[in-house]
Amino acid sequence: MPQVTEMPGVEDRRGSHDPPTEDHMTSSPGEPPRESPARLCGHLAKLCGKGPLRSFKNRWFVFDPRRCHLYYFKSPQDTQPLGHIDIGDASFSYDLEADEGQFEIHSSGRVSILRASSRQAMTFWLQELQQKRWEYCNSRAVGKRDSLVSPTPGHIPTGLVAKESSEITNVAFMTDSAERARIHFAADMCLGALGDPTPDHGSSQSGAVQDLFRQWSNDLRNSMQILRPGKNSNELRKSVFYTNEEWELLNPTPKELEESLLHEERRRPPMDGGKWNAGRTFGIWHLNDYSHLKELVKLLQQSLKSSHYDKYFAMPFTDELSKDCFHLLQQKDDHIRELNLLLEKKTLETDSLHQEIEELKCSVVQMKEQLSMMMETIQAKDEVIMRLSKQISDYEESSPLSGSSSDSPIQKDLEELNRLRDSLQGYKAQNKFLNKEILELSALRRSTERKEQELEAKYYNLEAKLCQIESKYLVLLQEMKTPVCVDSQGPAQEVVNQLLEDALKVETVEHPEHTYIRPHTMSKYDIYGFQILPEDDDEEKLVAKVRALDLKSLSLSESQEISTVVKWENYFASTVNREMIRSPELKSLVRNGIPHQHRSKMWKMFVNLHIKKLKEETAPGYFQSLLQNALEKQNPASKQIELDLMRTLPNNKHYTSPTAEGIQKLRNVLLAYSWRNPDIGYCQGLNRLAAIALLYLDQEDAFWCLVTIVEVFMPRDYYTKTLLGSQVDQRVFKDLMSEKLPRLNAHFEQHKVDYTLITFNWFLVVFVDSVVSDIFFRIWDTFLYEGSKVIFRFALGLFKYKEEEILKLRDSTSIFKYLRYFSRTILDARKLSNVAFVDMNPFPLRQIRNRRTYHLEKVRLELSELDAIRADFIRERETNTERRDLISDDDEDS
């Protein structure tokens, strides 16, 4: 049941210009003040939206009796309505086949579909809205009529709110008076229609009939009081529904009603002039406003017909017949009415039967037509069957199988069929043999690959042992530089004895001469062009060689699952002729590493994914035009660029000499970007970023890769002269260290080690020359796809990887020395990726952005304070210089 109580906050929705509602109406003079009526409000579902988005939404409905509008809000706490429905000229309907509780309101050319929580709630809303519509229309009509019949002179208020309140009060008073007059008139008219049993008529009716009439008149007055709203406003009028037959019986024409009323007026004796004139005036007014009081007219007409009928039969027999005869006549009349009803019912049944007969006749006609069509179809099919049967018999007679020669077409077809069957059997046998051969070859290939891997692992093991022996010989040679006594036992002698023992152990093992494998020399550069073995330092060369061998051993010892290359080939096959989009599958593949042969393609796609809109805004040939301007016009950054070209990647073969191809491409990319972004121009660190991009991209794509890193991934002022963004990131990284690695962070604070001196370069150049090349390019794969958040992940992952080793160090010198090179000792890229992307979770980007904003304000404040201190210092130094100059001048004068 919807709520019908006053809701708090509803009054706040009225503006200062709106007229007062019924809650604020004053009572008429001489009557006690009225109680505040209950407010009609509650939750209903309203059909909203257009097209496929059309659906029911829950709304808060409030009825305003001032304008007879039903306002609806999004929630009871809202102050502004979403809209309203005019109930004053509305009509209501509902469909039994629709959803439970659903009804429609037709108003102002629109249809509002609402749905209550139950059918009972829907009935309540319909009755209440009908009652409010009836009261609104009746009060508006009565107000107009009373103002014409009996205008009340008085003081007219001037204020807007006071004037409207006065008008509504007068209407309420006049409506109440008119309602009372209408009820008395209805009772008097009914008594006149039945014949008022007073001495003025000179009637000789019996006392029983008079009592019957008086009782009926009182019942009629009581029924009229139900239609009249009582003094208590909470007594609500309920709507009465009629069938079509009752409506026709109770709905006389205005002409018939007027004639009946005039006839009763002539027969009625003169009564109190004021009362009868008022009743007559009321009757004329009632006829003129017939549309507003249709329900009252229905009751009056039904009562008049019944009274005429009883009067006609009661008057002649009241003096002659007894009560038994009168009662018998009434029973006969009831029996006659029942027979009439039964006759009407049978007539309706007869009509329905006639209608069914007509429908059956139509069905018979249709079935006959269908039968004729089916007969024609069967006849056509029989003709086709006969024709085909004749053709088959003619064909069999012309070429029978028994007497056919070897040259007949059928015999040839049979021979061809037998030959094809033989070929099919042969192909089956061949296919089975080839399948078996493929399986055997696959097994042989797997066996050969397994043996090759075993031999290669054995070879690398021997090569590692050789490196160890070479290192021992190197240590021995270094120890032998200093002269020692022959009899003394020093470290050199111990090394010699150990080498002799190892040699004796090797000689005791029998190795056939033909099984000896000479290790080949290791390449000087890796697949990326970086030097593996240094050129000068022999000890560093051995360390680098051991590191390279360990990397190769890691690649061979990986689990024998589907290789990364196969996964990427499957991904490319599934995305043929389709543009690359972000997806969890692609992110997982990128985090596991992009194969060397696909890295150029994927890097280019990643860059275009991030700056697609930026590239569309530029004109074609944008890079070439920037480069042309930088070469032709004077560029303040060109001098610094030339100085840093040879210092960019000195350990990479593509940037070792001024004539190398990479040097010229790097120069073009840096000059073009310095012309594009004059605020940055050139900063140390951009050369390394561009150089790494040029290893897999051409000049223009490397230029856009540099634009993506500097202008999209990194915060603003990251590569400016103040390096403001880089300083902010170091403070953010300190917060993450204290959160993700609290033990290690406390260890650094205990020994007062500032690890940001090491990590600052990591962030500025994205780990270039800080880790081995395999790990470095793995980091760049994810960095170009996911952005700068990856740098924080891998920086934390490097410290987590070596956390236990760092915690074992107990002094600041050893800790700082270890931090300078520990990142290059990490070789397992798969383990490092797992630490960075699994152990460091959760890692929301929103948290990093919020911390960047927080630390940016602090750094800016500190920089402004430093600038103020610097300005004061310069000012003080200049003042002191002037004083010294004045003192020296005085000394010279003296």
Side-chain angles (χ1 to χ4, degrees), residues 1-5 7 10 22 37-76 81-141 226-227 229 234-251 291-299 302:
M1 183 67 67
Q3 188 177 0
V4 196
T5 59
M7 289 297 300
V10 176
E22 292 179 0
R39 178 64 59 91
L40 178 61
C41 56
H43 283 284
L44 290 175
K46 185 177 185 299
L47 187 62
C48 305
K50 295 182 179 180
L53 301 178
R54 191 171 175 87
S55 62
F56 282 94
K57 295 184 179 179
N58 197 21
R59 294 288 183 260
W60 176 257
F61 283 80
V62 177
F63 179 78
D64 185 2
R66 304 166 301 161
R67 303 177 180 175
C68 199
H69 286 178
L70 185 64
Y71 292 94
Y72 53 92
F73 302 80
K74 192 173 183 180
S75 64
L82 300 176
H84 70 276
I85 304 172
D86 189 1
I87 304 300
D89 60 349
S91 61
F92 312 101
S93 63
Y94 67 92
D95 190 1
L96 293 177
E97 297 181 358
D99 296 338
E100 183 179 1
Q102 180 174 324
F103 61 96
E104 300 177 358
I105 301 179
H106 300 257
S107 175
S108 302
R110 295 186 303 173
V111 180
S112 301
I113 301 177
L114 307 178
R115 187 169 64 192
S117 59
S118 62
R119 188 176 298 278
Q120 183 181 5
M122 177 195 71
T123 306
F124 177 83
W125 274 98
L126 288 175
Q127 290 180 349
E128 292 299 323
L129 291 176
Q130 285 179 335
Q131 168 68 16
K132 298 297 182 183
R133 180 188 62 187
W134 185 87
E135 291 178 356
Y136 177 75
C137 296
N138 193 28
S139 63
R140 183 173 55 183
I226 296 176
L227 296 176
N234 291 326
E235 296 178 4
L236 300 177
R237 167 188 162 273
K238 302 302 179 181
S239 300
V240 181
F241 298 94
Y242 297 98
T243 62
N244 293 333
E245 294 80 1
E246 292 173 342
W247 185 269
E248 292 176 359
L249 291 173
L250 300 178
N251 190 17
S291 60
H292 295 284
L293 299 173
K294 184 176 287 187
E295 295 181 4
L296 182 59
V297 172
K298 294 173 186 176
L299 292 175
Q302 186 179 18

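Note that the structure is a prediction, hence the values are computed from the model and not measured.
- The shortest heavy-atom contact between F56 and L47 is CD2-N, 3.7 Å.
- Of all the heavy atoms in K57 and C48, the pair that sits closest is CD-CB, 4.4 Å.
- Contact between G88 and R133 at its shortest, heavy atoms only, is O-CG, 3.9 Å.
- Of the inter-residue distances, the one linking L82 atom CG with S75 atom OG reads 9.0 Å to the nearest 0.5 angstrom.
- Atom CG of L114 is separated from atom CG of L129 by 8.5 Å, given to the nearest 0.5 angstrom.
- With R59 contributing its side chain and L44 its backbone, the two residues share no donor-acceptor pair below 3.5 Å.
- A distance-only check finds a donor-acceptor pair linking the side chain of S107 to the backbone of D86 [under 3.5 Å].
- With a 4.5 Å cut-off on side-chain heavy atoms, D89 and Y136 do not count as touching.
- Put simply, CD on E100 and CZ on R115 are 10.0 Å apart, with the number rounded to the nearest 0.5 Å.
- Applying the ring-ring contact (aromatic ring centres under 6.0 Å, His included) test to Y72 and every residue at least two apart in sequence or in another chain returns F61.
- The shortest distance between side-chain heavy atoms of F92 and I87 falls below 4.5 Å.
- Taking both residues in full, the closest heavy atoms of Y94 and Q102 are given as CB-O, 3.5 Å, listed atom of the first, atom of the second, then distance.
- Rounding to the nearest 0.5 angstrom, the gap separating the CZ atom in F124 from the OG atom in S118 is 11.5 Å.
- Put simply, CZ on R110 and CD on E104 are 14.0 Å apart, with the number rounded to the nearest 0.5 Å.
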Checklist entry - Can you list the steps and then say if E135 with Q131 is a side-chain hydrogen bond (donor to acceptor under 3.5 Å, both in side chains)? => result CA-CA 6 Å; E135 291 178 356; Q131 168 68 16; 2.3 Å; yes

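- When all heavy atoms of H84 and H69 are compared, the closest pair comes out as CD2-ND1, 3.4 Å.
- To the nearest 0.5 Å, the span separating CD on Q130 from NZ on K132 amounts to 13.5 Å.
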